> 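Sharing a structure below in structure tokens format, with a few things to ask.
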Amino acid sequence: MNLFDLTGETAVVLGATGVLGGAMAEGLAAAGAKVAVLGRNAERGEARVRSIQQQGGTAGFFFADALDQNLLKATREALLKRLGAPTILVNAAGGNDPRVTVTPEHPFEEIDVADWRDNFDLNLVGGALIPCQVFAPTMKNNRKGSIINIASVSAHLPLSRVAAYSAAKAAVLNLTLFLAREWAPYNVRVNSITPGFFPGEQNRRLLFNEDGTPTPRGQLIFGHTPLARFGNPAELVGAAVFLASGKASGFVTGIDLRVDGGFLSQTI
Ligand SMILES: NC(=O)c1ccc[n+]([C@@H]2O[C@H](COP(=O)([O-])OP(=O)(O)OC[C@H]3O[C@@H](n4cnc5c(N)ncnc54)[C@H](OP(=O)(O)O)[C@@H]3O)[C@@H](O)[C@H]2O)c1
């Protein structure tokens, strides 16, 4: 038996138009799952689908705004018809918003509450709550499902500057535990992955200068990462496939799997 074979599974990856969600979508497809690529950017979504198909996989792009519950329900119906009932959900939509980044020029006290709510909502409500509400019922009915929420090292210990993001990601970890217990009777497992630092669109400006050299913050991160480098998005695939596969992780629910180069183990 291949513990990591996902043939017959249908995976929904919200945020598959992005760097990390895209890498996990490709990895799940390579393991045999049919993959629904969800996001708002059709160009990047269709490109991801083509890439999966070129590697022999099955995928379709579906427009989805993680914060629009009714639209997401319509997306669910469309993808059910094309790819079958979802058995895997990866929640990878989210990111920091420069409007709520704390800097010496923009101190915490001056964060606009409406901007904070936007970023908090994106990461908690769109990043986990709504997609879990929309996709879990089918999984619960079928007594089969694996939900993977994407957290952050900032969920464990808040990084400087990104207060709204950190608080929302901490809430994602908490919600993951709640839902793991709540949906275990339906054989729907709910886990999270904590990525360390993987250069992507949403964090590029925090990590790199315009000339491509690491910012002082980027250098601090290297210094704080025992493996002394940023992650490669493909390095999340193993964790995602493990958690997605009932054969590999059928008795695993409510865990947070860190793929962070040791960042959260570092002290002095
Ligand atoms: N990169 C890292 O180092 C790192 C570390 C820890 C955690 N994370 C987390 O990993 C996840 C992916 O990050 P990334 O680095 O891959 O960033 P990214 O490339 O910017 O991807 C972010 C994704 O979120 C989607 N998104 C944003 N708002 C959305 C909305 N309203 N509805 C639907 N999709 C929405 C974007 O899709 P559209 O633009 O198509 O809507 C995009 O696919 C995020 O939750 C992030 O917080 C990243």
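Values in this document were obtained by computation on a predicted structure and should not be read as measured data. Atoms within each ligand, like the ligands themselves, are counted from 1 in listed order.
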> Verify the cluster assignment for L6 and L83: are they in a single hydrophobic cluster under the rule of side-chain heavy atoms below 4.5 Å apart?
no
> Any donor and acceptor pair, going by atom type alone, linking the side chain of N149 with main-chain N or O of N91 inside 3.5 Å?
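Not at all, since once roles are kept as given, no pair shorter than 3.5 Å links the two residues.
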> So does E43 have more than 12 non-hydrogen atoms from other groups sitting under 6.0 Å from CD?
no
> Can you find an N/O atom of P195 closer than 3.5 Å to an N/O atom of ligand 1?
no
> Identify, by atom number and element, the atoms of ligand 1 in contact range of D65, meaning under 4.0 Å from any of its heavy atoms.
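Contacts of ligand 1 toward D65, numbered from 1: 30 (C), 31 (N), 32 (N).
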> Would you list the pairs meeting ring pair (Phe, Tyr, Trp, His ring centres under 6.0 Å) in which at least one residue belongs to residues 173-196, sequence neighbours left out?
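The answer is none; no pair qualifies.
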> Are Y165 and L175 grouped together when hydrophobic residues (ILVMFWY) are joined by side-chain heavy atoms under 4.5 angstrom apart?
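No; tracing contacts between hydrophobic side chains, which count when under 4.5 Å, never links both residues.
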> Please verify whether a non-hydrogen atom of G127 lies at under 4.0 Å from ligand 1.
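It does not; every heavy atom stays at 4.0 Å or beyond.
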> Show the atoms of ligand 1 that are less than 4.0 angstrom away from any heavy atom in N41.
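Heavy-atom distances to N41 below 4.0 Å select 38 (P), 40 (O).
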> If you count the atoms of ligand 1 from 1 in the order shown, which ones are under 4.0 Å from a heavy atom of F197?
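With F197 as reference, the close atoms of ligand 1 come out as 3 (O).
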> Does I148 share a hydrophobic cluster with F242, counting links as ILVMFWY side-chain heavy atoms below 4.5 Å and allowing steps through other members?
yes
> Is the closest N or O pair between G18 and ligand 1 shorter than 3.5 Å?
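Indeed, backbone or side chain, G18 has an N or O that close.
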> Are any of the heavy atoms in A151 under 4.0 Å away from ligand 1?
yes
> Touching ligand 1 at all, G196? Heavy atoms, strictly under 4.0 Å?
yes
> Taking only heavy atoms of G94, which atoms of ligand 1 are found under 4.0 Å from at least one of them?
22 (C), 24 (O), 44 (C), 45 (O), 47 (O)
> Of all residues at least two apart in sequence or in a different chain, which pass the side chain to side chain contact (heavy atoms under 4.5 Å, CB included) check with A92?
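By the side chain to side chain contact (heavy atoms under 4.5 Å, CB included) rule, A92 matches M24, V90, I150.
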> Specify the closest pair of heavy atoms between R99 and H106, including all atoms of both residues, with the distance to one decimal.
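Closest approach of R99 to H106: O-CE1, 3.0 Å.
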> Mark up the atoms of ligand 1 that fall under 4.0 Å of a heavy atom belonging to G95, in ascending order.
47 (O)
> Counting heavy atoms only, which of L20, V90, D118 comes nearest to atom 16 (O) of ligand 1?
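Considering heavy atoms of L20, V90, D118, the nearest to atom 16 (O) of ligand 1 sits in L20.
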> Quick one: does F230 get within less than 4.0 Å of ligand 1, heavy atoms only?
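For ligand 1, residue contact (heavy atoms, under 4.0 Å) with F230 is absent.
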> When only distance counts, is G39 in polar contact with ligand 1, meaning an N/O pair under 3.5 Å?
no
> Can you figure out which of R40, R48, M24 has its heavy atom closest to atom 28 (N) of ligand 1?
R40
> Does an N or O from T17, backbone or side chain, lie closer than 3.5 Å to an N or O of ligand 1?
yes
> Quick one: look at N96 and ligand 1, take heavy-atom pairs under 4.0 Å, and tell me if it's side chain, backbone, both or neither.
neither
> So which bit of F198 gets within less than 4.0 Å of ligand 1, heavy atoms only: side chain, backbone, both or neither?
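Both the backbone and the side chain of F198 come within reach of ligand 1.
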> Which residue is it: N232, V19, L207, L236? I am looking for the one with a side-chain contact (heavy atoms from CB on, under 4.5 Å) to F198.
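With F198 as partner, N232, V19, L207, L236 yield a single side-chain contact (heavy atoms from CB on, under 4.5 Å), made by L236.
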> Could you tell me if N41 and T17 have a donor-acceptor pair between their side chains, going purely by distance under 3.5 Å?
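Checked: T17/N41 side chains show no N/O donor-acceptor pair below 3.5 Å.
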> Atoms of ligand 1 less than 4.0 Å from Y165 heavy atoms?
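Listed by number with element, the hits are 6 (C), 7 (C), 8 (N), 9 (C), 46 (C), 47 (O).
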> Please classify the P199 to ligand 1 contact at 4.0 Å (heavy-atom distances, strictly less than): side chain, backbone, both or neither.
neither
> Taking all non-hydrogen atoms of both residues into account, name the closest pair between A171 and F120 and its distance.
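The pair with the smallest heavy-atom distance is CB-CZ, 4.3 Å.
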> Is it true that G126 lies under 4.0 Å from ligand 1, counting heavy atoms only?
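It does not; every heavy atom stays at 4.0 Å or beyond.
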> Using 30° and 60° as the class boundaries, would you call the ring planes of W116 and F108 parallel, tilted or perpendicular?
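W116 and F108: perpendicular rings.
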> A64 heavy atoms, cut-off 4.0 Å: which ligand 1 atoms fall inside?
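Per the distance check, 32 (N), 33 (C).
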> Strictly by modelled atom types, are N96 and T101 linked by a side-chain donor-acceptor pair under 3.5 Å?
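Indeed, the side chains of N96 and T101 share at least one donor-acceptor pair under 3.5 Å.
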> As an exercise, identify every atom of ligand 1 less than 4.0 angstrom from a heavy atom of I150.
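Those of ligand 1 that fall under 4.0 Å from I150 are 9 (C), 10 (O).
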